[in-house]
Enquirer: 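This is the structure I have questions about; it appears just below.
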Amino acid sequence: MAWAEDEAIGPDVASAGLHVSERIGRDAAAQPDLEEALEASRYASHPYSSHPKEWPSLVEVAETRQLPPMLIERYNAAAGEGTALCGIFSDIHRAWATVDNSFFIWRFDKWDGQCQEHNVDEQAICAVGLARAKPGIFIEAIQYLLVLATPVELVLAGVCCSASADGTDPYAELSLKPLPEYMIATDGVTMTCITCTDKGQIFLAGRDGHIYELQYTTGSGWRKRCRKVCLTTGIGSLLSRWVLPNAFKFSTVDPIVDMVIDDERNTIYARTEGMKLQLFDLGANGDGPLTKVTEEKNIVDPRDAPYGGRRRNAQRSAHSPKPSIVCISPLSAMESKWLHAVAVLSDGKRLFLTTSGGSGSSVGLNSSLQRPTCLKIVATRPSPPLGVGGGLTFGAVAAAGRAHPEDLALKVESAFYSAGALIMSDSSATAMSSLLAVQKDSAAQLSLPSTFGTASRSSRALRETVSALPVEGRMLCASDVLPLPDAAFTMQSLYADVECFTGFRKPSEKASIKLWAKGDLPTQHILPRRRVVVFNTMGLMEVIFNRPVDILRKLFDGNTLRSQIEEFFSRFGAGEAAAMCLMLAAKLLYAEDSPISNAVSEKAAEAFEDPGLVGMPQIDGTTALSNTRTQAGGFSMGQVVQEAEPLFSGAYEGLCLCSSRLLYPIWELPIMVIRGPGGTNEHEDGIVVCRLSAGAMKILESKIRSLETFLRSRRNKRRGLYGYVAGLGDSGSILYKTGPIIGSGGRVNGRSPYNSQIQDTNPTDQSASSKKPRLLYTSAELTAMEVRAMECLRRLLRRSGEALFLLQLICQHNVARLAQTLGNDLRKKLVQLTFHQLVCSEDGDQLAMRLISALMEYYIGPEGRGTVEDISTKLREGCPSYFNESDYKYYLAVECLERASMTNSPEERDILAKDAFNLLTKIPDSADLSAICKRFENLRFYEAVVRLPLQKAQALDSNADVINGQIDPKHNDMILYQREQCYEIVLNALRTLKGAGQSGMQGADKSSGLATAVDPASRSKYIKQIIQLSVQWPDTVFHEHLYRTLIELGLENELLEYGGSDLVSFLQSAGRKHQEQVRAGSSLTTGAAKLQDLGAPISTSQTKYLELLARYYVLKGEHIAATRMLLILAERQCSNSEEAPTLEKRYEYLRNAVLQAKSASIAADSSRNPIDSSTVDLLEGKLAVLRFQMQIKQELELMAVRVENTPSSSESPCDPFPRDNILADAETAKAAKDKAKELSLNLKSITQLYNDYAVPFNLWEVCLEMLSFANYSGDADSKIVREIWARLLDQALTRGGVAEACSVVKRVGSKLDPADGGCLPLDIICLHLEKAALDRLSSGEELVGDDDVARALLGACKGLPEPVLAVYDQLLSNGAVMPSLNLKLHLLRSVLAILREWGMSVIAQRLGTTSAGASFFFDGTFSLSQTGTANQGARDKIISLANRYMTEVRRLNLPQNQTEGVYRGFRELEEKLLSPY
């Protein structure tokens, strides 16, 4: 929070706020309902109390005024024989009277010399009423309508009120406008009374017992402008009225003589001459048809006891007259939720009525929603006692509950009841009548604590004080003096949502006076003194009800003895009396008459600080000790010994009361509401408006600031307890030590919830500590605790005043427009934000900051109406805790950025951006970086985009390193979250430049096109700038976020190029947390020993980090570390195919590892531990094994596809079990697929590949290659190799005959070493092929060439004829192997082919050409002499072999026609080689 100096410390304000919330809740719970108070008073012995004689009176006559002279003259002219009426129109502050047909009206609260007269026709006026004018019918100047009734007609006149010149008096001028078109005949019905609703409805009671409504409209065509409608008649009544003459009407009519409207519940109470009470319902909204609910005939029964029939044994005197009802008044919901009306009887008793069936709880809070169903008495209040003028004693009060004899009973002629106050005119005394004023006893309102924390029954009982005023004449009528509209609107704005103003649709002066029903103590700080104007036979009299604070003011204003002040404190309690002293000292009272003098203020301040009056803080003894002994002396284990708690003085209690009552109407309610088009509060559509009016907030702010200023002045002057604590020496550590002093655990009567136990400076013996109560606090510590608690409340008041100032300033600048800039989520939070949260919570501070930000943007924007300096001055002076010097610098920076965005000069733009950056670097932790950095982005000033968020992240935790775990674990998560928010600002700038974008990023409207607006070269430059600035900042946590973001955005090259020194550790940790770190300079000297430790399995997400680490090592020339990383990647273990890399990718890793190992061996010198050759050999061997694995996998996949694609029709028709073959092929295909999938997961050893994959699936070719690679020498005669070759050749012959077999021999043999007879047994291969060729050629199954086998063997031996000839020579010479002559002849043909190939190669070497070119020699085209000297040794050897094999051919015992061709071939070869040409 933006706290200013030490004036508002967050924890203190929050703790004080909790205490205020608790106090408000407790005060609200202690306010009894009138029904509960009446019920409790049944058991109280003193329903009335007396006022001390020595004190100023509770009720006094402020002023008496005579009747206007012209009225007296007219009345005297009539000689008292005319018809005269009188009354009071409190709505327009006028009194009125009629004499015959003349109507007089004048100001009752002051005599301005004006008395207007309005005359009607010759008939006397019999009833008068005043109604609000309905809108849209008359001109706007006519605000009210005067209704005059005569026996023959009803007349309307317009009432126009105008304000005084200075605007302080809205009713200064009044004029009556005749409305001749709005007159209607009464049809012979004489009206007895007229009453009107706040909506402007006019109801009239006729002497015929019916109720009428006078309706008026603008009138059009045949419609009348005014008409009279009977609301209570039916068909029978109409016939009786219009058809039957009066002589035939035998029933007695009981006319209505008084009607009272309850505008809150929309009901009408009517009183008849026969003392009947009638109840009518106007509907839930007051606009429904008038419905008669009930009529009670015996509402007043002389046999009833004083408590409404509850005391049946009480008897009245036989000659006691039946009391009559002199007044009936509705009760507001603020007085009672269960009682709805009160009737005052002529003997002074009061009857409290309800209109709802059932009892209390059944009609409770929902009574406003339920319509009336009955009219019954719930409680009866006895009449006030006589003799109150001479001082009332409790003995006399006790007698008040008993029935009075007739000569001692009150004789009430008229009465007036309103909001808990009753005025009665008593004529029981023959000499002079008197006014009796009855009101609640404020001292009895104090809620005393009980054992269970609730008020006892006696404390909730209704107790009233009675004051008598001897007056001349008798009271005719009375009315409240309503506050002026501005004051009424202010009070309604404050209390509309906490009290029962919901029944009033618009500001109403009548609604505001209902607050008086709460009593004087909760409202005397905000409401003026209550005034009642009384119209009696001698004139007008204004009666004022003094509140307790007015009594105390008068006591201070005179030469009052201290004993009277002490009696006042004793009567009201130290807390309440201290609260009233604060009101006087801080001058919080409503300024109505004369302001509070400085002398009174100073005396009140001295009394507030007088320990003899308010007491001193002490230990609450009621909880410190616990009686562990029973009355019989035994020991009781059933009681809990409670720990003693400090009990603060009345000064602290008074401050709590005063503060909570000031904040009560706004504390726990939202400060904003959503108002719909019709002015109603809605939560879906509408605009956001402040719930409080500007005037109400200004008044409340003034009172709160006055109280806080007074407390601060006493602190600065070291008055009272402040001076006592200051005299202790080192008071600062006590007053301002950390931690809240008050909180939600507070107790009643000023008990502090301060729970930290301060040890006594003189501890007692520890051995007795278990038996005697331990002194927890010294007197100095208790005093310091109370002063600190008062300081917390003072800070809360200061913060509250600043919050009200801020709200006023925001409302002056269209809060609805400012709220629209917050977004839906924050706008919803704003509507739900209470004043308590605004003052005490972090959320409230954040929302206030956002509103101030919106206000600043309004000022400094393109359409702004000022500068930052203008509005900042107001904010710094009015609410420094919400807007301090840091905020000022922030908005100066925003102003610079706004100007920079509007300038076209690059130089000026850079200067302004730099200035803004310099301002913001001074306030790193108080700036809204999410918005400010977006402005810097638009200006391409990326230094601020990087450094400001990182500086704020560093400021969040300046004393510890998050990674090292030095932060309190409770705050660790919050700090990490806040730091990550700062990091995201920098990373979002990178994303924007890259063009990746962010979903839901705030401020995207200004930068959404940034990635496309910048050319690629500039974009690359800005990205590099951000990376370099980020890497330079020493924050390893941020570096991790930066590196991950760069990888996500595909900026690996920039990462590897500009990464910091911690990049390697980051990649190692992210790539494999359980892996031994690879350090630069580590060697692989032992080859296999150090390359076998591969660690734990690596996931796909970790692979990219290891790849980057390998690339980093390659880039930095660290070949050994790169080799290890590549080997780890190649041999990573995987459990499923989704995570496993392809074998091709593994092959690439291994191949690069081999290259890096070779590079390391080349680059290393003898002094740096070079890599040995065994490592390179090992890596190359792994690469070869991987090739075998890839080959096997490919073969298995082809096998599966081949088997699947083989149609079932290809089965031999002679096969007796075709179904078995199909199933076997399907199983083979599935097995091949499964094995191929296994091979794709992880690398296999050569043993696994041979035994588990190659051999089971008859992959003989790969088997031979693996045996050759492994230098297999398992058996001396190479039995396994020979068997594999045999199976391979048989497999090839089956597939494609001799041609396929020759191709396989050529392909496989070329991969083997011819010198290695173990893996390439040429004799077995040759014999196998030759036999197969002869058999197939003889059978005609296949056409096999004479040189097919020979060429295959030559290909297997890589073109070397000697090994092949040696094999043939071995076979020809072994008679046991070669018994068949035809086979020998076939072998000799192959030998001839070999010799011819050999000869051509020799000739090719001589001629310098290829073997194909040398073949021309055998055709006679070229001569050997043309090329010089031939290879004489090879030629001679070929000639010798040809000669020998010719002899071998001749020895064959075969027909000549079979051997002739072979023989001739050898001979021609010999001749060609011997020929000189």
Side-chain angles (χ1 to χ4, degrees), residues 46 48-60 387-397 437 439-448 459 463-468 519-521 524 529 544-589 596-618 647-655 657-658 710 714 719-721 723-724 749-750 779 783 786:
H46 308 297
Y48 296 98
S49 61
S50 61
H51 184 67
K53 294 182 180 180
E54 300 80 6
W55 289 9
S57 61
L58 281 174
V59 181
E60 60 184 22
V388 292
L392 187 65
T393 63
F394 287 111
V397 173
Q439 59 180 335
K440 291 181 181 179
D441 187 359
S442 298
Q445 288 182 261
L446 304 177
S447 59
L448 302 176
S459 66
R463 192 167 62 177
E464 296 171 310
T465 59
V466 184
S467 303
D520 291 331
L521 295 180
Q524 57 186 352
R529 286 191 298 176
I544 296 179
F545 289 79
N546 286 319
R547 302 159 299 181
V549 69
D550 300 315
I551 303 296
L552 183 61
R553 177 183 178 180
K554 292 178 181 295
L555 291 175
F556 283 137
D557 200 15
N559 295 324
T560 307
L561 298 177
R562 179 179 175 86
S563 60
Q564 295 184 9
I565 303 297
E566 291 176 349
E567 183 183 1
F568 187 90
F569 272 76
S570 175
R571 183 179 179 91
F572 288 94
E576 286 288 355
M580 287 183 261
C581 289
L582 272 179
M583 295 178 196
L584 295 173
K587 300 181 179 181
L588 303 182
L589 295 185
I596 300 173
S597 64
N598 292 333
V600 171
S601 176
E602 185 60 30
K603 288 182 180 179
E606 292 175 358
F608 175 75
E609 297 163 351
D610 189 348
L613 296 175
V614 299
M616 289 290 291
Q618 57 186 344
L647 183 67
F648 288 162
S649 69
Y652 173 77
E653 178 72 8
L655 178 58
L657 287 171
C658 195
F710 168 76
R714 310 311 279 186
R719 297 290 299 269
L721 293 179
Y724 177 80
N749 291 341
S779 60
T783 305
E786 177 170 340

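We're numbering straight along the sequence, starting at 1. Keep in mind that the numbers below use all heavy atoms, side chains included, and drop hydrogens, waters and symmetry copies.
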Enquirer: Let me confirm one number: the NZ-CG distance from K603 to L552, rounded to the nearest 0.5 Å.
Expert: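 That separation rounds to 11.0 Å.
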Enquirer: Determine whether a donor-acceptor pair (N or O, by modelled atom type, separation under 3.5 Å) exists between the side chain of H51 and the backbone of D441.
Expert: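 Pair absent, no side-chain N/O of H51 close to backbone of D441.
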Enquirer: Less than 4.0 angstrom from a charged side-chain N to a carboxylate O is my criterion; do R553 and D550 meet it?
Expert: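 The answer is no: the pair does not qualify as a salt bridge.
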Enquirer: Examine distances only and state if a side-chain atom of S570 and a backbone atom of E566 form a donor-acceptor pair shorter than 3.5 Å.
Expert: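 No, because the side chain of S570 does not come within donor-acceptor range (under 3.5 Å) of the backbone of E566.
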Enquirer: Residues in side-chain contact (heavy atoms from CB on, under 4.5 Å) with T560, at least two apart?
Expert: L555, Q564, I565
Enquirer: Rounded to the nearest 0.5 Å, what separation is found between the CD atom of E464 and the OG atom of S442?
Expert: 11.5 Å
Enquirer: I'd like a table of donor-acceptor pairs (distance under 3.5 Å, sequence neighbours excluded) in which one partner is a side-chain atom from residues 604-617, with atom names and distances.
Expert:
residue, atom, partner, partner atom, Å
E609, OE1, R714, NH2, 3.0
E609, OE2, R714, NE, 2.5
E609, OE2, R714, NH2, 3.2
D610, OD1, G612, N, 2.9
D610, OD2, R562, NH1, 2.7
D610, OD2, R562, NH2, 2.8

Enquirer: Check S49 against T465 and note the closest heavy-atom contact, atom names and distance.
Expert: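 Distance-wise, the nearest heavy atoms are OG-CG2, 3.3 Å.
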Enquirer: Can you say whether the rings of Y652 and F648 are parallel (under 30°), tilted (30 to 60°) or perpendicular (over 60°)?
Expert: perpendicular
Enquirer: Nearest 0.5 Å, please: how far is CD1 in I544 from OG in S57?
Expert: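 Result: 10.0 Å between the selected atoms.
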Enquirer: Restricting to non-hydrogen atoms, name the atom on A437 and the atom on V59 that form the minimum distance, rounded to 0.1 Å.
Expert: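 Closest approach of A437 to V59: CB-CG2, 3.7 Å.
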Enquirer: Rounded to the nearest 0.5 Å, what's the gap from CD on Q439 to CG on L58? Could you check?
Expert: 5.0 Å
Enquirer: Heavy atoms, side chains only, cut-off 4.5 Å: are E54 and S563 in contact?
Expert: no
Enquirer: Which heavy-atom pair separates A578 from F569 by the least distance, and what is that distance?
Expert: N-CE2, 4.0 Å
Enquirer: Closest approach of S50 and R571, non-hydrogen atoms and distance?
Expert: O-NH2, 3.3 Å
Enquirer: Please report the closest heavy-atom contact between F545 and R529, naming both atoms and the distance.
Expert: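 Shortest heavy-atom contact: O-CB, 3.9 Å.
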Enquirer: Please report, to 0.1 Å, the donor-acceptor pairs under 3.5 Å made by any side chain of residues 579-589, with sequence neighbours excluded.
Expert:
residue, atom, partner, partner atom, Å
K587, NZ, N598, OD1, 2.8

Enquirer: Go through the structure and list residues passing side-chain hydrogen bond (donor to acceptor under 3.5 Å, both in side chains) with Q524, not counting sequence neighbours.
Expert: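 So Q524 forms no side-chain hydrogen bond (donor to acceptor under 3.5 Å, both in side chains) with any residue.
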